[in-house]
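Throughout, numbering of the chain's residues begins at 1 and tracks the sequence. Keep in mind that this is a model prediction, so the values were computed, not measured.
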Amino acid sequence: MKIEKEDGPSRRKLSLFDATMLVMGSMIGSGIFIVSADIMRNLGSGYWLIVVWIITGVMTVAAAISYGELSSMFPKAGGQYTYLKEIFGKMMGFLYGWGLFTVIQTGTIAAVAVAFGKFTAYLIPALNDAAPIFQSGGYKITWIQILAIGVILLLTYINTKGVEGGKILQNIFTGSKIVALIGLIILGFLLVKNSFWTGNMSFGWGAFNNLKTDPSGNFLKSGWESISGMAIMGGIAAAMVGSVFSSVAWENVTFVSGEIENPKKNVVRSMVLGTSAVMILYLLVNFIYLNTLNRDSIAFALNDRVAVAASEQIFGSGVGTIIIALLVMISTFGCVNGIVLAGARVFQTMAKDGMFFKAALKNNKNGVPERSLWMQGIWASALCLSGQYGNLLDMISFVIVLFYMITVFGVIYLRIKQPGLERPYKTWLYPVTPIIYLLIGAAFCILLLIYKQQYTWPGLIIVLLGVPVYFLINKKEQQE
């Protein structure tokens with residue numbers, strides 16, 4: 001195995017600050033404003049809500065520290081795809097890239113763009129009230145979906161004009177949402193009239209769930225049941241589907257390694273700084289939820305919008321709703337931009353290996369993979385129209401963690417198989433750090449396989465569908 005050399009400095013347009021903003025901006029989307037409702041329904045205690053976010057934080061930072069070693073060894077664009085291909089062969093790299101294009105990257109773009117549309121509809125009620133553009137049975141196309149597609153295509157277009165434009169947008173929007181989140185955290189302790197912190201923490205380590213619904217599908221507030229033993233473990237795994245999905249996409253920075261100054265050092269720095277900062281912010285936001293809302297108000301917030309309920313307690317109903325709507329719009333817009341900017345570089349790298357459409361190969365006059373960007377944008381737009389992105393993403397957290405585990409295991413595998421390779425950065429506290437991730441990740445995946453199979457098999461099937469596609473591509477290559 002050869003360690004790849006860096007490109008010339010002329011292409012390096014992203015500084016450590018830019019890379020850290022990309023990490024944070026790609027992570028913070030709409031999840032932190034919503035998923036705590038589901039966590040509370042599964043575990044029913046302030047203690048367990050905090051535990052789930054701490055476990056997710058430890059996992060995320062441990063993975064980022066482990067990835068750092070690989071990013072220093074393979075500093076070119078392509079990131080996780082390149083690591084998997086170099087360590088475990090072309091097929092493993094392709095299956096990751098296939099999953100990334102079919103649903104992981106594009107499905108995330110679609111889901112976050114639609115979240116932008118839904119929160120915009122708070123400010124422009126006509127978007128919610130308008131009749132569907134098209135409807136056939138349960139399937140419909142709404143103006144919110146059209147707005148989401150407009151955002152995707154606009155950000156794709158901006159990113160075709162060069163890294164500089166995408167970078168500036170990313171820094172502005174990520175900076176804005178960080179400042180806004182910090183403001184919400186501070187005011188959530190200063191302005192709230194009735195604190196529910198003591199009540200939420202009074203359940204201690206007792207765990208409860210309330211997943212019962214009436215015939216219309218609405219949750220029953222009186223249905224809390226005490227759980228213990230393995231049922232708590234199953235509840236943690238189910239709860240972590242949301243927290244894990246809210247904490248992914250930090251690896252997007254590895255996709256653009258080829259455009260980062262001094263990537264052997266700055267990629268790992270940006271991942272560790274960015275993931276640590278975001279997980280601290282997430283924990284503090286959940287402290288605000290526990291301070292401003294009681295257990296039922298968190299678990300049964302309207303449409304799971306816990307942040308809206310908390311903001312209404314802090315600022316009053318009208319103002320609170322507007323503040324959160326604006327914050328989520330800023331957050332989701334910046335998140336889509338970061339994911340759009342990064343993803344296309346993976347598909348371009350795959351095309352160089354003969355594993356993706358050849359059209360994705362070339363850079364345009366602005367030095368960016370324009371056709372790869374448009375392919376990603378068009379498929380993400382199609383997922384917006386499909387209406388299935390939300391279901392797909394529920395199912396894909398399992399697969400994302402599985403690929404994270406394979407990549408983290410790659411650090412250990414390379415240390416054993418090729419100890420003499422140059423490693424400009426070595427994983428901090430090796431082998432403890434990667435083992436921590438592998439243990440938590442394995443527990444998460446095994447518990448989901450036992451207790452929540454609807455979150456596992458569909459995602460696995462999507463990835464495994466890539467196997468015949470891989471052999472088809474390989475067969476074509478051999479015939480040419």
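- No hydrogens or angles considered: a donor-acceptor pair under 3.5 Å links the side chains of Thr321 and Glu312.
- In terms of heavy atoms, Tyr81 sits closest to Gly93 at CD1-O, 3.1 Å.
- When all heavy atoms of Ile324 and Ala307 are compared, the pair lying nearest together is CG1-O, 3.4 Å.
- Pairs of residues two or more places apart, or lying in two chains, never qualify as side-chain hydrogen bond (donor to acceptor under 3.5 Å, both in side chains) while including a residue from residues 439-455.
- For Leu153, the side-chain contact (heavy atoms from CB on, under 4.5 Å) partners are Ile149, Trp374, Ser381, not counting sequence neighbours.
- Annotation: Phe347 is in aromatic contact with Phe101 [ring centroid separation under 6.0 Å].
- Salt bridge absent: Asp296 and Arg41 never bring a charged side-chain N and a carboxylate O closer than 4.0 Å.
- Smallest separation of non-hydrogen atoms from Tyr289 and Ala310: CD2-CB, 3.9 Å.
- Using a 4.5 Å heavy-atom cutoff, the side chains of Met329 and Phe173 are not in contact.
- Between Phe398 and Trp457, the distance from one ring center to the other does not fall under 6.0 angstrom.
- Nearest heavy-atom pair, Phe208 versus Arg295, reported as atom, atom and distance to 0.1 Å: CD1-NH1, 3.4 Å.
- Partners of Pro132 under the side-chain contact (heavy atoms from CB on, under 4.5 Å) rule, at least two apart in sequence or in another chain, are Gln135, Lys140.
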